Amino acid sequence: MAVVLGLDLSTQSATALVLDTKSGKNLATARAAFGPDFPDRGHPEGFIRGGQNGEVHADPLLWLDGLELALTRLAKLTDLSQIEAISVSGQQHGSVYLGAGYQAALADGNPQTSLATKIKPVLSRASSPIWMDGSTVKECAEIAAALGGDQAVCDLTGSVATPRFTGPQIRRFAKNNPQAWAKTERVHLVSSFFASILAGADVAIDTGDGAGMNLMDIRKGDWSPAALQATASDLAKKLPPVRPGSTVAGPISKYFVTRYGFSPRCQVVIGTGDNPSSLVGMGASRPGKVVISLGTSDTIFAAIEGIRTDAAGLGHAFGNPLGGSMSLICVRNGSLAREAIRRECGFKDWDEFSAAINHSPAAQSAVLPMEEDEITPRRSAGRISLGKPVTPQSLPRAAVEGQALNMRLHSRWVGTPTTQLLLTGGASNNPAIAKIFADVFGAPVFRLSVSDSAALGAALRAAEAACGAKMAYLEAVFCAPAPGVVQPDPALRSAYDALEAELAKKLS
Ligand code: ADP
Ligand code: XUL
């Protein structure tokens with residue numbers, strides 16, 4: 001049994017979580033928020049607003065500074081030399097482009113220069129497209145045409161060609177910046193980039209996160225030569241290999257030993273995406289449990305038997321980092337839309353927002369708050385109103401109900417009834433929001449005692465892959481539901497059915 005570290009590099013923050021698997025204790029959690037902790041960088045939500053043609057990028061150097069700040073804070077809370085293994089969770093689909101000299105930069109153990117200082121000169125693309133980027137509609141059509149149409153891409157890669165996915169993003173870069181593409185020697189996902197930073201060497205992409213690229217053969221768990229060819233020239237040699245999530249990359253780099261006091265024996269396990277990582281952290285890696293994550297994006301996902309794909313092209317099949325696959329639906333207008341509504345209503349905090357929810361009757365009206373262009377459903381920014389007209393007082397409830405109904409509608413293709421929901425992500429701690437999800441899905445809602453499920457999943461994967469711990473034991477110890485299950489109100493069922501039917505009609 002061991003002390004392990006899980007790192008989550010998400011859209012808005014870097015989180016570091018240390019567990020002692022023997023005592024079952026969470027020894028320390030530290031976080032650095034890319035916006036509030038780095039006000040001079042000018043990216044209050046961690047990404048770069050105002051890109052052309054739907055581009056949304058982020059600064060990989062800010063992510064590196066965020067990692068260093070989280071580790072600096074962590075070192076004040078716990079002894080980092082006791083950590084035996086680390087793994088990483090990263091926001092999915094985002095990509096980092098590295099050019100000549102990148103391997104030496106990764107291996108540079110000099111503690112006097114920061115990670116950002118080492119990596120800056122070897123970036124062949126200054127910024128990283130992230131999952132919010134919708135600029136690649138044309139490239140998606142080109143990839144689909146080359147591979148025989150949407151259904152063929154979906155059968156091959158688990159998803160239709162999807163604008164935020166890495167393959168279409170790479171294609172757009174290679175087409176628009178051929179010189180910079182020629183200079184690119186390696187494309188990493190956020191998860192594999194940070195695993196490489198920790199290992200001080202190039203590290204593989206896992207099958208979980210690799211499935212979010214439109215490049216991996218979902219059944220073989222390896223790059224599809226046809227998809228690579230349809231995407232960009234020379235892509236095969238610019239990608240790291242794909243490996244199972246249990247792969248141990250090697251010992252931590254000298255930089256972390258000398259700068260932060262890690263043991264040179266600490267092992268790095270390859271990373272995965274934040275949603276696959278949360279699947280593990282929620283104890284839901286075997287089929288039967290449905291997870292809803294209310295973070296920057298709202299996602300609903302579950303481990304599934306075999307592979308299922310969404311004929312409507314909005315849902316995805318990803319790899320399950322512990323083997324098999326998982327379904328996923330991602331809604332872009334999650335927490336940032338709830339924040340926008342909170343601001344619009346003039347509420348100073350979440351307590352006021354929640355009070356407004358509690359003072360409005362349920363299942364009367366719903367609003368799908370697409371404050372920015374949405375990906376599920378694929379729609380330009382705008383709101384869809386359902387049921388009775390909404391008032392300023394009822395808007396918070398109507399908006400959260402609209403978000404929950406939208407998820408319910410778009411997860412029907414998975415085909416498994418939701419008998420219980422596991423809720424995670426920043427907004428899951430809000431009891432008024434949790435109650436709406438219980439009522440709309442007609443299922444009890446559980447939350448876990450350890451929040452930060454993506455970082456927790458990374459820590460559990462590290463313990464299993466590098467320290468020989470058994471996942472069944474780890475789940476029993478760290479993934480127990482917190483007291484206070486939220487029960488649904490069955491009397492609301494028919495009203496929500498009617499609102500969902502109205503939403504389906506308005507979207508058809
Ligand atoms: P990510 O991992 O995508 O960076 P998190 O899961 O950490 O995001 O969630 C961050 C979001 O959680 C914030 O944008 C904030 O809007 C939301 N949040 C935090 N606390 C509450 C709350 N009590 N009620 C509703 N939303 C909340
Ligand atoms: C999933 C997705 C987002 C990101 C950021 O497909 O795009 O959930 O992983 O959290």
Side-chain angles (χ1 to χ4, degrees), residues 7-15 29 31-36 44-47 56 58 63 66 89-95 129-134 158-159 162-166 169 189-191 208-209 211-214 271-279 281 291-301 314-318 326-343 347 349-357 371 374-376 396 399-400 403 407 423-437 447 451-457:
L7 285 173
D8 177 33
L9 279 302
S10 73
T11 314
Q12 300 193 58
S13 56
T15 303
T29 305
R31 196 186 310 274
F34 302 130
E45 296 130 326
F47 55 87
V56 182
W63 293 339
S89 151
Q91 56 169 304
Q92 293 196 257
H93 319 298
S95 42
I130 64 161
W131 64 275
M132 296 166 124
D133 191 297
S159 303
T162 302
R164 70 184 188 286
F165 278 30
T166 325
Q169 295 289 341
L189 290 179
V190 177
S191 61
D209 218 9
M213 301 172 81
N214 283 139
T272 192
D274 55 357
N275 295 294
S277 193
S278 274
L279 187 80
V291 183
I292 290 186
S293 171
L294 303 174
T296 310
S297 61
D298 286 350
T299 53
I300 177 166
F301 50 87
L314 295 173
H316 311 289
F318 289 159
M326 64 183 279
S327 59
L328 180 131
I329 293 99
C330 173
V331 177
R332 178 177 173 185
N333 285 283
S335 279
L336 298 179
R338 288 183 286 275
E339 284 178 18
I341 302 257
R342 196 185 100 180
R343 276 195 303 276
F347 298 139
D349 56 27
W350 290 115
D351 287 345
E352 288 188 2
F353 183 87
S354 307
I357 290 180
E371 309 304 293
E374 182 48 67
I375 48 190
T376 310
V400 179
Q403 290 179 317
M407 275 197 162
L423 214 57
T424 182
S428 66
N429 295 319
N430 184 319
I433 292 177
K435 175 73 172 122
I436 289 177
F437 276 83
R447 283 162 294 178
S451 51
D452 301 311
S453 57
L456 174 60

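Quick note: residue numbers are just sequence positions, from 1. Everything quoted here is computed from the prediction, not taken from an experiment. One-based numbering, in listed order, for ligands and for the atoms of each.
- Closest to atom 16 (O) of ligand 1, if we only count protein heavy atoms, is E339 OE2, 2.4 Å.
- For atom 2 (C) of ligand 2, the closest heavy atom belonging to the protein is C330 SG, 3.4 Å.
- What sits closest to atom 24 (N) of ligand 1 on the protein, heavy atoms only, is N430 ND2, 3.0 Å.
- Residue N275 touches ligand 2 through its side chain alone, judged by heavy-atom distances below 4.0 Å.
- Panel note: side chain R164, backbone H93; no donor-acceptor pair is recorded below 3.5 Å.
- A donor-acceptor pair is defined here as one N or O able to donate and one able to accept, closer than 3.5 Å; no such pair exists between the side chain of S13 and the backbone of A33.
- Donor-acceptor pairing under 3.5 Å is lacking for the side chains of T296 and W131.
- Closest to atom 4 (O) of ligand 1 among all protein heavy atoms lies S10 OG, 2.8 Å.
- Between N333 and the options R338, E374, Q403, a side chain to side chain donor-acceptor pair (under 3.5 Å) holds for only E374.
- Scanning all protein heavy atoms for the shortest distance to atom 9 (O) of ligand 2 gives D274 OD1, 2.7 Å.
- Counting atoms of ligand 2 from 1 in the listed order, those under 4.0 Å from a heavy atom of L328 are 1 (C), 6 (O).
- Put simply, no part of N429 is less than 4.0 Å from ligand 1, judged by heavy atoms.
- The closest protein non-hydrogen atom to atom 12 (O) of ligand 1 is G426 CA, 3.3 Å.
- Side-chain polar atoms of T15 and R31 form a donor-acceptor pair below 3.5 angstrom.
- Numbered from 1 in the order shown, with element, the atoms of ligand 1 that lie under 4.0 Å from a heavy atom of G425 read 6 (O).
- Note that the OG atom of S277 and the CG atom of D209 stand 9.5 Å from one another [nearest 0.5 Å].
- The closest side-chain donor-acceptor pair between S10 and D274, if any, does not fall under 3.5 angstrom.
- If you number the atoms of ligand 1 from 1 as listed, the ones under 4.0 Å from a heavy atom of I433 come out as 25 (C).
- Among all non-hydrogen protein atoms, the one lying nearest atom 11 (C) of ligand 1 is S335 OG, 3.5 Å.
- A distance of 10.0 Å separates CD in E339 from CZ in F353, rounded to the nearest 0.5 Å.
- Among protein heavy atoms, atom 3 (C) of ligand 2 sits closest to S297 OG, 3.4 Å.
- Where the criterion is an N or O separation shorter than 3.5 Å, residue side chain and backbone included, R31 fails it with respect to ligand 1.
- Ligand 2 places these atoms under 4.0 Å from at least one heavy atom of T299: 8 (O).
- What sits closest to atom 3 (O) of ligand 1 on the protein, heavy atoms only, is T296 OG1, 2.6 Å.
- Counting protein heavy atoms only, atom 7 (O) of ligand 2 is closest to R164 NE, 2.8 Å.
- Under the 6.0 Å cut-off for aromatic ring centres, H316 and F165 qualify, their centroids lying closer than that.
- At a cut-off of 3.5 Å, with distance as the only test, a side-chain donor of S89 or D8 sits close to an acceptor on the other residue.
- When the heavy atoms of M132, H93, Q12, Q92 are ranked by distance to atom 6 (O) of ligand 2, first place goes to H93.
- Going from atom CG of D298 over to atom CD1 of I329 covers 12.0 Å, rounded to the nearest 0.5 Å.
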